[in-house]
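Atom set for the values below is all heavy atoms of this structure, side chains included, hydrogens, waters and symmetry mates excluded.
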Amino acid sequence: MATDDFVNSVGGGVKDHYGEDSATEDQLITPWNFSVASGHTLLRDPRYNKGLAFTEKERDSHYVRGLLPPAIFTQELQEKRLMHNLRQYDVPLHKYIALMDLQERNERLFYKILIENVEELLPVVYTPTVGEACQKYGSIYRRPQGLYISLKEKGKILEVLKNWPEKTIQVIVVTDGERILGLGDLGCQGMGIPVGKLSLYTALGGVRPSACLPITIDVGTNNEKLLNDEFYIGLRQKRATGKEYAELLEEFMHAVKQNYGEKVLVQFEDFANHNAFELLDKYSSSHLVFNDDIQGTASVVLAGLLASLKLIGGTLADHTFLFLGAGEAGTGIAELIALEISKQTKAPVEETRKKIWLVDSKGLIVSSRQQSLQHFKKPWAHEHEPVKDLLNAVKAIKPTVLIGTSGVGKTFTKEVVEAMASLNKKPLIFALSNPTSQSECTAEEAYTWSKGKAIFASGSPFDPVEYEGKVFVPGQGNNAYIFPGLGLGLIMSGAIRVRDEMLLAASEALAAQVSQEHYDKGLIYPPFTNIRKISANIAASVAAKTYELGLASHLPRPKDLVKYAESCMYSPGYRSYL
């Protein structure tokens with residue numbers, strides 16, 4: 001077995017109690033080193049169960065002979081059989097349920113299948129299928145995954161955290177279910193999001209499954225349909241707000257730090273705008289926190305913009321940006337673009353913001369609306385006469401880049417796309433709202449209405465489109481490019497805080513992974529097939545920036561951060577139990 005020193009140095013400095021890192025067939029596990037259950041209990045433990053892959057020797061030594069059919073399968077054959085079975089399902093939700101069942105039955109096989117079939121299965125475990133899963137979570141609920149902390153647990157949150165069987169946690173993804181994707185308030189059923197995100201932290205970023213903790217904070221729901229649903233699994237009350245809400249979150253954040261230490265990463269996920277900005281602002285100076293909707297989306301979109309400059313020419317500062325949607329994602333992306341332009345041009349960020357315009361439900365955000373604007377919109381209120389709708393905003397501002405974060409489908413109309421195409425040789429159109437039904441326009445609409453001129457990316461996946469004999473491959477500005485690598489970089493450097501410079505480093509690292517071969521196909525994001533290599537490079541860039549800023553606690557700094565990132569990654573291969 002590995003020495004304690006090596007175990008301590010891998011996986012971001014957290015002891016690898018289960019030998020999960022760099023796992024291989026010939027890494028032996030012996031009963032006196034690990035508490036590996038035997039017999040029927042072993043087959044019910046997803047961390048150790050190998051199904052038909054137990055060898056003759058293992059079946060005898062761990063008392064499972066006779067509890068399994070006599071055939072012995074390799075992990076590769078199991079994967080082949082399961083993928084064959086999954087492909088028989090026509091309904092994506094059925095695939096989701098089958099994959100969740102596999103995760104509860106055989107953890108290593110679940111991650112092996114996800115890693116090796118990532119492009120096919122990502123839309124199942126993540127957007128768009130996870131949205132439908134959350135909507136129907138009460139009906140498809142089988143076994144609890146993660147921790148549920150409700151108002152009933154107020155005053156006892158630390159005790160609840162101690163009920164979780166794993167004591168060494170590196171990443172927590174937490175939601176209160178108020179703004180799930182573009183689907184609104186799903187209350188306690190939002191748990192599907194933290195569960196899905198953390199499966200991607202492991203599959204794409206190599207963070208060990210045992211170090212991941214999904215949490216849903218249940219403060220009620222304002223969704224009448226759920227409150228009247230007899231199968232609803234959450235608190236049947238209207239959402240708590242104000243002091244009651246703030247006190248529960250305060251207790252939660254304090255308990256997390258007390259139980260897991262300074263270096264546990266807390267990722268806020270799918271909180272409503274008013275709480276998302278407040279929580280990030282409040283805890284970013286005292287905890288290692290990250291909001292994927294504000295910062296992750298911003299980082300992945302900035303990477304797409306940086307990469308697209310090779311196709312449309314110029315620098316970031318040469319372009320004019322127009323957003324439809326001024327919530328978490330819209331303002332988060334806008335701010336990161338302004339920071340990157342400021343970094344490149346040395347101009348103050350107050351100046352670079354003037355290249356970026358936002359449209360909300362009341363029209364273009366302009367200075368005459370300053371008094372009525374929410375605080376996070378105020379930096380984007382520029383001098384201009386009022387404009388009521390998106391089409392007229394496009395005509396007035398003449399943007400080169402149009403970005404949709406509205407959460408409302410079909411808002412990039414034919415007229416809007418045609419206007420973008422008439423103003424630009426290669427208009428850049430990002431329809432980022434999830435799931436697919438909420439996308440501002442489809443890939444086919446963007447290419448057809450722009451007569452093949454548009455460079456298009458979306459939040460949820462779209463199939464390639466053929467237009468006038470040419471095949472266009474749409475980009476997917478998927479947060480899954482960023483957050484797993486970012487998380488790994490923070491963990492392996494022992495980061496104690498997240499800073500904007502780390503997000504810029506992640507964006508630049510992702511953009512650098514787009515090769516000429518990809519550009520030739522019109523791609524502005526690299527294919528997901530190489531996601532672990534991409535994540536290792538992002539992790540290395542984030543860790544390098546963390547060391548540079550003096551926010552890393554794992555010293556000394558490894559010489560080769562990419563190799564170190566790869567060495568930290570969880571491997572889902574089976575091990576021998578002798």
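Counting only distance, with no hydrogens or angles, the side chain of Ser308 and the backbone of Ile524 share no donor-acceptor pair below 3.5 Å. No donor-acceptor distance shorter than 3.5 angstrom exists from the side chain of Thr202 to the backbone of Ser199, with no hydrogens or angles considered. At least one donor-acceptor pair under 3.5 Å links the side chain of Ser535 to the backbone N or O of Ile531. Between the Asn223 side chain and the Leu186 main chain, no donor and acceptor come within less than 3.5 Å of each other. A donor-acceptor pair is defined here as one N or O able to donate and one able to accept, closer than 3.5 Å; such a pair exists between the side chain of Thr352 and the backbone of Ala338. With Thr442 contributing its side chain and Glu445 its backbone, the two residues share a donor-acceptor pair below 3.5 Å. Checked by atom type and distance alone, the side chain of Asp292 never pairs as donor or acceptor with a backbone atom of Asn479 at under 3.5 Å. Not a single donor-acceptor pair under 3.5 Å links the side chain of Ser406 to the backbone N or O of Gly325. The backbone N or O of Gly407 lies less than 3.5 Å from a partner atom in the side chain of Gln438, making a donor-acceptor pair. A distance-only check finds no donor-acceptor pair linking the side chain of Thr546 to the backbone of Ala552 [under 3.5 Å].
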task: Take Glu132 and Tyr96 through the test side-chain contact (heavy atoms from CB on, under 4.5 Å) and record every step on the way to the result.
output: CA-CA 10 Å; Glu132 186 186 355; Tyr96 175 89; over 6 Å; no

- prompt: After noting the C-alpha distance and the side-chain angles of Lys426 and Thr400, does the key distance pass the side-chain contact (heavy atoms from CB on, under 4.5 Å) rule?
  reply: CA-CA 8 Å; Lys426 287 185 177 176; Thr400 50; over 6 Å; no

task: Quick one: do Leu309 and Leu305 satisfy side-chain contact (heavy atoms from CB on, under 4.5 Å)? Show the steps, please.
output: CA-CA 6 Å; Leu309 294 176; Leu305 294 172; 6.0 Å; no

- request: Dump the intermediate steps for side-chain contact (heavy atoms from CB on, under 4.5 Å) on Glu328 and Thr297, then the final yes or no.
  value: CA-CA 9 Å; Glu328 294 168 61; Thr297 305; over 6 Å; no

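Counting heavy atoms from C-beta on, the side chains of Tyr283 and Val256 never come closer than 4.5 Å. The closest side-chain heavy-atom distance from Ile397 to Leu364 is below 4.5 Å. Phe456 places none of its side-chain heavy atoms less than 4.5 Å from the side chain of Ser450. Between Tyr547 and Pro558, some side-chain heavy-atom pair lies under the 4.5 Å cut-off. Side-chain contact between Leu490 and Phe290 is absent, with no heavy atoms from C-beta onward closer than 4.5 Å. Within the 4.5 Å cutoff, the side chain of Phe277 has heavy atoms near those of the Thr331 side chain. Using a 4.5 Å heavy-atom threshold, the side chains of His274 and Glu178 count as touching. Contact check for Gln295 versus Leu486: no side-chain heavy atoms found under the 4.5 Å cut-off.
Side-chain contact check for Glu269 and Thr175: no donor-acceptor pair (N or O, by modelled atom type) lies under 3.5 Å. Counted by atom type alone, Ser507 and Ser299 present one or more donor-acceptor pairs between their side chains at under 3.5 Å. Side-chain N/O atoms of Glu383 and Ser367 include a donor and acceptor closer than 3.5 Å. A side-chain N or O of Asn434 and one of Ser460 form a donor-acceptor pair less than 3.5 Å apart. Remark: the Gln267 side chain and the Tyr201 side chain contain an N/O donor-acceptor pair separated by less than 3.5 Å.
Taking CG from Leu122 and CD from Gln476, the interatomic distance works out to 6.5 Å, rounded to the nearest 0.5 Å. Atom OG of Ser571 sits about 7.0 Å away from atom CD1 of Ile115, to the nearest 0.5 Å. Once rounded to the nearest 0.5 Å, the distance linking CG of Leu402 with CG of Leu390 reads 6.0 Å. The line from SG of Cys441 to CH2 of Trp449 is 6.5 Å long, rounded to the nearest 0.5 Å. Remark: Arg369 CZ to Asp360 CG distance equals 4.0 Å, nearest 0.5 Å. Atoms NE2 and CG, from His518 and Asp520 in turn, are 10.0 Å apart once rounded to the nearest 0.5 Å.
A distance below 6.0 Å separates the ring centres of Tyr481 and Phe528.
Ring geometry for Trp357 versus His382: interplanar angle over 60°, hence perpendicular rather than tilted (30 to 60°). Between Phe430 and Tyr525, the ring-plane angle classifies as tilted under the 30° and 60° cut-offs. Aromatic ring pairs are classed by plane angle as parallel below 30°, tilted from 30° to 60° and perpendicular above 60°; the pair Tyr467 and Phe472 is tilted.
Using a 4.0 Å cut-off between charged side-chain N and carboxylate O, Lys343 and Glu501 make no salt bridge. Of the charged side-chain nitrogens involved, at least one lies within less than 4.0 Å of a carboxylate oxygen, so that Glu335 and Arg353 count as a salt-bridged pair. Between Glu262 and Arg497, at least one side-chain nitrogen of the basic residue sits less than 4.0 Å from a carboxylate oxygen of the acidic one, meeting the salt-bridge criterion. Ion pairing of Glu508 with Lys545 is absent here, as no side-chain N (NZ or NE/NH1/NH2) approaches a carboxylate O to less than 4.0 Å. With respect to the salt-bridge test (charged N to carboxylate O, under 4.0 angstrom), the residues Lys197 and Asp270 do not qualify.
Here the closest heavy-atom approach between residue Val366 and residue Pro386 is recorded as CG2-CA, 4.2 Å. Between Val130 and Gly192 the shortest heavy-atom distance is CG2-O, 3.5 Å. Scanning all heavy atoms of the two residues, the minimum distance from Pro209 to Tyr111 falls at CG-CE1, 3.7 Å. For the pair Asn478 and Val300, the tightest heavy-atom approach, listed with the atom from each and the gap, is O-CG2, 3.2 Å. Pairing each heavy atom of Pro427 with each of Asn424, the nearest pair is CD-O, 3.7 Å. Nearest heavy atoms, Val542 versus Ala506: CG2-CB, 3.9 Å.
Under a cut-off of 6.0 angstrom, the local environment of NZ in Lys378 is crowded, with over 12 non-hydrogen atoms contributed by other residues, nucleotides or ligands. Crowding of Gln371 atom CD: a count of heavy atoms from other residues, nucleotides or ligands under 6.0 Å not exceeding 12.
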